[in-house]
Amino acid sequence: MKVPTRKLISLTHPSLNLWHPTIDSFIWNNLIRAHVQPTHPPTRPAHTPLSIFLRMCFHAVPLDFYTFPFLLQSIHSPQTLQLGRSIHSQTLIFGFSSDSFVQTSLISMYTTCGDVGSARKVFDEMPQPDLPSWNSIINANVKAGLLSVARELFVKMPSRNVISWSSMLDGYVRWGQCEEAFELFGQMKEENKVMPNEYTVSILLAACEQLGSLEHGKWAHTHVYKLGMEINVVLGTSLIEMYAKCGSIVRARLVFENLGPKRDLMAWTAMISGLAMHGHWEDCLSLFSNMVETRVRPDDITFLGVLSACVHGGLVSEGKAMFERMSKEFGISPSVQHYGCMIDLYGRAGLIDEAWNLLNTMPMEPDVLIWGALLSGARICGDIETCEIALNKIIEQDPTNSAAYVLLSNVYAKMGRWKDARHIRDLMETKRVKKVPGLSSIEVDGRIH
DNA sequence: TTAGGGTTAG
């Protein structure tokens, strides 16, 4: 049946006042879809999926079975949960609530909003859930860490495909139960009904990475060949990561080289971070240059790798240059971690003034790691005043950090400030007595300052 | 010509 077309009322929607005389559901659905996907570079569009949907209703364009799955894709954070609920009720009003595509979209919407309970309600109301719905509800429980519920559903489902197995495996790996993951993978192979794919192996590699076990990693890698899989960029990135984290930078590099022109931002970044992790700062920096030459744009994570290589190599001027290029050349505003790297870099080089200068320009509140980096720099070059300030900040932000109390008390002793030293010792005693969670740090801070 | 489950860097 042909969907009837509707005239667009131009006045109500200036920028949708296309010269087309008619616009039908198909176009409206795709207009919604187009607005769900983020644009490059990010813009502030004049319309949102919701506003388009509302106008669609206003113009009495008939909704169809595609409309809600698209619209629901725009709800993907806990902040938008209320809106998601309203859309859910609209599916009931418009009579699409018993469509399995709409229902699965609702389950996944509630999952991304962190509301497993509602996801489960939708699922439980389905008389005959199909495979995507089962997979979707398993995924909801996996994301929420409800592994036993996920497993229960996994066992109960009438049929399983590779996604079902991968989701369950992912749950175990995600929540640190790697042994269970390997066991389940064994079961998957034993049953031999469903073949593992690139997704499955990626998850398995994440498990190896978590265990830091090169043996497991090599074993998983052999599966890639046994299964006749092509190493795509995602799988390649997982392999690079795994080898780097399991201690074999040589194997990581080999995988990286074999990826050839398929290399994307993720693959480059994994290799760059791996080299940084292994202290190969020269290779790391030259790889970064290659990346830029290849016209792959680095992002904030890439720079974390590059900067940490500079920290480990003690490359102050290179680090400084990279830090500047990051915002000037690539438009990436440094995060607290980037500042942390730089302050660490300056600190280790004994450039406490430089570290202070940078710290003072930070647009965000320096965190414990920043103060910690400044502290270790100050300790190296014996800048006792900076030590005192940093330690007070650390205690202020992390009142349970007993090492900081001891250090601060020592600092005061060294400065001859015996009263202050005593005071910090007392404070620590008090803290030990009142080791009750919820005792606010303000009490402690109040006495320090 | 449009739709719903799973993977990668910290």
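Values in this document were obtained by computation on a predicted structure and should not be read as measured data. A, B, ... follow the sequence lines: proteins, then strands. Residue 1 opens every chain.
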**Prompt:** Looking for any heavy atom pair under 4.0 Å, which part of the strands does S133(A) touch: base, sugar-phosphate only, or nothing?
**Reply:** base
**Prompt:** Hey, are Q79(A) and S77(A) close enough side-chain-wise for a donor-acceptor pair under 3.5 Å?
**Reply:** yes
**Message:** Taking the basic N atoms (NZ, or NE/NH1/NH2) and the acidic carboxylate oxygens, is any pair closer than 4.0 Å for R253(A) and E257(A)?
**Reply:** yes
**Fill in**
Ranking dG10(B), dG6(B), dA3(B) by distance to the side chain of K245(A), first place goes to dG10(B)
**Identified side chain to side chain contact (heavy atoms under 4.5 Å, CB included) counterpart of M271(A) within the set V255(A), I249(A), N290(A)** = I249(A)
**Item:** Side-chain donor-acceptor pair present, N135(A), N161(A), cut-off under 3.5 Å
**Value:** yes
**Prompt:** Do T200(A) and S166(A) meet the criterion of a side-chain donor-acceptor pair at a distance under 3.5 Å?
**Reply:** yes
**Prompt:** Between dT7(B), dG6(B), dT2(B), which nucleotide gets closest to the side-chain atoms of N30(A)?
**Reply:** dT2(B)
**Asked** Atom CG of N161(A) and atom P of dG6(B): how far apart are they, to the nearest Å?
**Response** 11 Å
**Request:** From the options dT7(B), dT2(B), dT8(B), select the nucleotide whose nearest atom is closest to the side chain of F26(A).
**Result:** dT2(B)
**Item:** Nucleotide of dA9(B), dT7(B), dG4(B) approaching S108(A) most closely (side-chain heavy atoms)
**Value:** dG4(B)
**Asked** Got a salt bridge between E152(A) and K156(A), using NZ or NE/NH1/NH2 to carboxylate O under 4.0 Å?
**Response** no
**Prompt:** Which residues within residues 292-303 of chain A lie with some heavy atom under 4.0 Å of an atom in DNA chain B?
**Reply:** D299(A), I301(A)
**Message:** Starting the side chain at C-beta, find the nucleotide from dA9(B), dA3(B), dT8(B) nearest to S238(A).
**Reply:** dT8(B)
**Request:** Test for a donor-acceptor pair under 3.5 Å between the base of dG4(B) and the side chain of N135(A), counting only N and O atoms.
**Result:** no
**Request:** May I ask you to verify whether the side chain of Y199(A) and the base of dT7(B) hold a donor-acceptor pair under 3.5 Å?
**Result:** yes
**Request:** Mind running a 4.0 Å heavy-atom check of residues 163-191 of chain A against DNA chain B and sending the residues that fall below it, in number order?
**Result:** I163(A), S166(A), S167(A), D170(A), R174(A)
**Item:** Gap between atoms CG and P, on L227(A) and dT7(B) respectively (whole Å)
**Value:** 19 Å
**Message:** Test your reading of the model: is there a side-chain donor-acceptor pair from N30(A) to the backbone of R33(A), 3.5 Å cut-off?
**Reply:** no
**Request:** Classify the nucleic acid contact of S105(A) as base, sugar-phosphate or nothing, counting any heavy atom under 4.0 Å across all strands shown.
**Result:** sugar-phosphate
**Asked** NA contact type, Q103(A), heavy-atom cut-off 4.0 Å: base, sugar-phosphate, or nothing?
**Response** nothing
**Request:** Assert yes or no for the condition that the ring centre distance of F53(A) to F68(A) is strictly below 6.0 Å.
**Result:** yes
**Item:** Anti or syn - dG4(B), cut at 90° from 0
**Value:** anti
**Item:** Candidates dG6(B), dT8(B), dG4(B) - which lies nearest the side chain of D130(A)
**Value:** dG4(B)
**Request:** Please check if the side chain of S335(A) supplies one atom and the backbone of Q337(A) the other of a donor-acceptor pair under 3.5 Å.
**Result:** yes
**Prompt:** Counting side-chain heavy atoms from CB outward, which of dA3(B), dG6(B), dT8(B) is closest to V162(A)?
**Reply:** dG6(B)
**Prompt:** Are L359(A) and W356(A) side-chain neighbours, meaning at least one heavy-atom pair lies under 4.5 Å?
**Reply:** yes
